[in-house]
Amino acid sequence: MKAPRGTQDLLPGVTEKWQYVEGKLKELSNNYHYQEIRTPIFEHTELFQRGVGDTTDIVQKEMYTFLDKGDRSITLRPEGTASVVRSFVEHKLFGSPNQPTKLFYIGPMFRYERPQQGRMRQFVQYGVEALGSADPAIDAEVISLAMNAYQTLGLQSLKLVINSLGDQESRENHRQALIDHFTPVKEELCDDCQTRLEQNPLRVLDCKKDREHPKMQDAPSILEYLNDESEAYFEKVKAYLDAMNIPYEVDPNLVRGLDYYNHTAFEIMSNAEGFGAITTLSGGGRYNGLVENLGGPETPGIGFALSIERLLMALEAEGVELPIDSQLDCYVVSLGDAANLKAATIVNELRQAGIQVDKDYQAKKFKGQFKAADRLQAKYVLVLGDDELANNQIAVKNMETGDQETVALDQLTEHMQGIL
RNA sequence: GCGAUCGUGGUGAAGUGGUUAACACAUCGGAUUGUGGUUCCGACAUGCGUGGGUUCGAUCCCCACCGGUCGCCCCA
């Protein structure tokens with residue numbers, strides 16, 4: 001039996017890294033005052049169709065959808081925002097006096113895709129959503145949090161790309177301009193783009209295949225179609241980023257694959273050498289209208305999500321060592337029935353005193369037990385044999401220096417607490 | 001969904017159409033009857049992803065499937 005394609009087991013040795021990273025992200029969330037929300041791992045399929053958008057790749061070809069025993073169409077969540085907004089609406093969080101509602105989540109997402117480096121069918125996302133504010137300052141806050149998530153872990157080769165998709169009116173005008181621009185050469189575009197031109201012309205812009213097409217070079221930029229209000233909003237977001245000393249690059253072709261975005265859109269990429277083909281570490285944007293679309297009151301929102309897998313890859317690529325201390329305080333070595341029995345109680349007492357302790361369970365000889373202790377990088381080995389037992393003592397050996405001393409059994413816990 | 005490439009023990013990795021599938025590391029045992037990281041000796045593949053086929057005979061040839069890796073599309 002093997003784990004299903006595109007999934008992976010995280011084993012001891014790497015789970016420590018995950019714990020560390022997740023801990024840091026939660027800490028960061030608290031600093032920004034985002035609170036944790038946990039939503040189900042599966043939802044009604046309709047939520048994603050309406051929330052993420054029917055024309056997106058995610059909905060069209062990447063969802064894990066199945067019928068449950070009650071013939072309900074269920075989908076393993078492909079992203080987090082739709083669920084969070086659904087929950088926000090369902091529990092009427094918009095009614096809370098504390099607005100905006102600032103939430104974060106961390107958990108597995110599922111997308112049916114061909115696995116490759118940095119892309120799994122089950123992967124873990126950390127993300128935040130700020131609902132209830134249309135202040136450009138909160139756009140900047142979310143972007144700042146996203147950048148900070150990487151920087152606080154020690155990453156440096158980062159590139160922040162931002163764009164504005166404008167409001168409804170701006171998007172409509174731009175959309176029409178795109179249709180007018182590309183329709184005359186429709187036949188020359190790739191199959192996907194011919195479809196996109198009808199369903200979501202904006203996405204023609206980020207097509208990789210048609211990038212060299214002459215009509216692509218002078219395609220109408222969304223930035224030229226922003227109405228005054230949208231432009232002012234974008235300017236303010238940039239002003240906040242400037243004020244916060246967060247460097248960014250404006251890319252008018254940054255479109256994002258999900259339908260719900262408007263106004264601010266951004267992506268963070270890694271510049272690290274040898275990072276592989278997929279350089280996007282995280283992405284996000286504003287989604288005014290999504291809450292309404294999912295049955296709530298008119299509520300603006302913005303959020304972003306990052307993949308822990310890619311974050312770990314970036315750390316690896318930049319050679320960042322995480323400060324993970326997986327050492328063992330003590331390893332108890334014993335030989336003989338009486339000593340073994342006593343050793344078990346000693347181990348128990350030390351553990352209750354909050355000390356990390358382990359012992360042999362393989363019936364190994366002294367030598368083997370020492371090798372095991374060495375391999376586990378135990379700081380101290382406590383030796384209990386017939387001699388020690390007879391004198392109610394135990395030998396405490398410092399594995400780093402090789403020094404060994406004898407301690408009375410009834411003072412062992414105290415002694416260990418003193419030297420650790 | 002498309003393309004490339006790969007699939008031998010815990011790990012890395014040789015290899016051949018035909019009795020016992022190199023080697024290294026790791027692990028275990030012993031040399032050293034109660035003390036680690038060195039050295040020496042020894043042990044260690046339900047048999048070479050799964051299922052078919054070709055053949056007197058296949059781990060090595062063919063086919064299918066599954067899986068890994070990388071890339072395309074797209075994204076986290």
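All values below come from the heavy atoms of this structure, side chains included, with hydrogens, waters and symmetry mates left out. Residue numbers begin at 1 in each chain, while the letters A, B, ... track the order of the sequences. Everything numeric here is computed off the predicted structure, so don't read it as measured data.
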Taking the P atom in each of rG37(B) and rA26(B), what is the distance between them to the nearest angstrom? 12 Å
Can you find a donor-acceptor N/O pair under 3.5 angstrom joining the side chain of Arg111(A) to the base of rA76(B)? yes
Does a side-chain N-to-carboxylate-O contact under 4.0 Å join Lys397(A) and Asp403(A)? no
P gap between rC61(B) and rA14(B), integer Å: 16 Å
Does the pair Arg351(A)/Glu349(A) count as a salt bridge with the N-to-O cut at 4.0 Å? no
Do other residues, nucleotides or ligands put more than 12 heavy atoms under 6.0 Å from Gln168(A) CD? no
Run the ring-centre check on Tyr34(A) versus Phe104(A) and record whether the distance is less than 6.0 Å. no
Can you tell me how far C1' of rC75(B) sits from CZ of Arg77(A), to the nearest Å? 17 Å
Gap in Å between the two P atoms, one belonging to rG3(B) and one to rG10(B), rounded: 33 Å
Taking 4.0 angstrom as the limit, do Glu400(A) and Lys379(A) come out as a salt bridge? no
So what does Thr280(A) hit on the nucleic acid, given a heavy-atom distance under 4.0 Å: a base, only sugar-phosphate, or nothing? base
Candidates His33(A), Met244(A), Lys102(A) - the one meeting side-chain contact (heavy atoms from CB on, under 4.5 Å) with Glu141(A): Lys102(A)
Under 3.5 Å, which protein N or O atoms sit close to an N or O of nucleotides 65-69 of chain B? Give each pair with its distance.
from    : atom 1 : to      : atom 2 : distance (Å)
rG68(B) : OP1    : Gly6(A) : N      : 3.4
rG68(B) : OP2    : Arg5(A) : NE     : 2.6

Dot-bracket for RNA chain B, 5' to 3', counting Watson-Crick or G-U wobble pairs under 3.5 Å, with [ ] for crossing pairs and | for inter-strand pairs? (((((((..(((.....[....))).(((((.......))))).....(((((..]....))))))))))))....
Please report the distance separating the P of rG49(B) from the corresponding atom of rC60(B), rounded so that it comes out in whole Å. 8 Å
Select from Ala277(A) and Arg310(A) the residue whose nearest nucleotide in RNA chain B is closer to the 5' end of that strand. Ala277(A)
Rounded to the Å, how far apart are Phe275(A) CZ and rG71(B) P? 11 Å
Spacing between Tyr261(A) atom OH and rC75(B) atom P, to the nearest angstrom: 10 Å
For Gly336(A), answer base if it contacts any base atom (sugar-phosphate contacts may also be present), sugar-phosphate if it contacts only those atoms, and nothing otherwise; contact means non-hydrogen atoms under 4.0 Å. nothing
Other residues, nucleotides and ligands only: do more than 12 of their heavy atoms fall within 6.0 Å of NZ on Lys236(A)? no
Around atom CG of Asp218(A), are there more than 12 heavy atoms from other residues, nucleotides or ligands closer than 6.0 Å? yes
I want to know whether Tyr112(A) and Tyr64(A) have ring centres closer than 6.0 Å. yes
Per-nucleotide protein contact string for nucleotides 31-43 of chain B (B base, S sugar-phosphate only, - none; heavy atom under 4.0 Å): ---BBBS------
Ionic contact status for Arg119(A) with Glu113(A), cut-off 4.0 Å: yes
note: Gln122(A), atom CD; rA76(B), atom P; distance rounded to Å ~ 17 Å
What are the two closest heavy atoms between Tyr248(A) and Lys238(A), and how far apart are they? OH-CB, 3.3 Å
Protein-nucleotide distance (Gln369(A), atom CD; rC28(B), atom P), rounded to Å: 12 Å
To the nearest Å, give me how far apart CD1 (Ile278(A)) and C1' (rC75(B)) are. 7 Å
Once hydrogens and angles are ignored, does a donor-acceptor distance under 3.5 Å link the base of rA76(B) to the side chain of Glu62(A)? no
Sugar-phosphate only, base, or nothing, as touched by Ala373(A) at under 4.0 Å among non-hydrogen atoms: nothing
Could you work out the separation of rG29(B) and rA13(B) based on their C1' atoms and round it to a whole Å? 26 Å
When rounded to the nearest Å, what value does the distance between C1' atoms of rC40(B) and rU8(B) take? 30 Å
Do the side chains of Arg203(A) and Asp57(A) get close enough for a salt bridge, i.e. N-O under 4.0 angstrom? yes
Salt bridge Glu316(A)-Arg310(A), side-chain N to carboxylate O under 4.0 Å: no
P gap between rU59(B) and rU54(B), integer Å: 15 Å
Whole angstrom value for the distance that separates P of rC75(B) from CD of Glu113(A): 10 Å
rA45(B) and rU55(B), which share atom name C1', separated by this distance in whole Å: 26 Å
Between P on rA76(B) and CE on Met109(A), what's the gap in Å once rounded to a whole number? 11 Å
Per Asp57(A) side chain, nearest of listed nucleotides rA76(B), rG29(B), rC74(B): rC74(B)
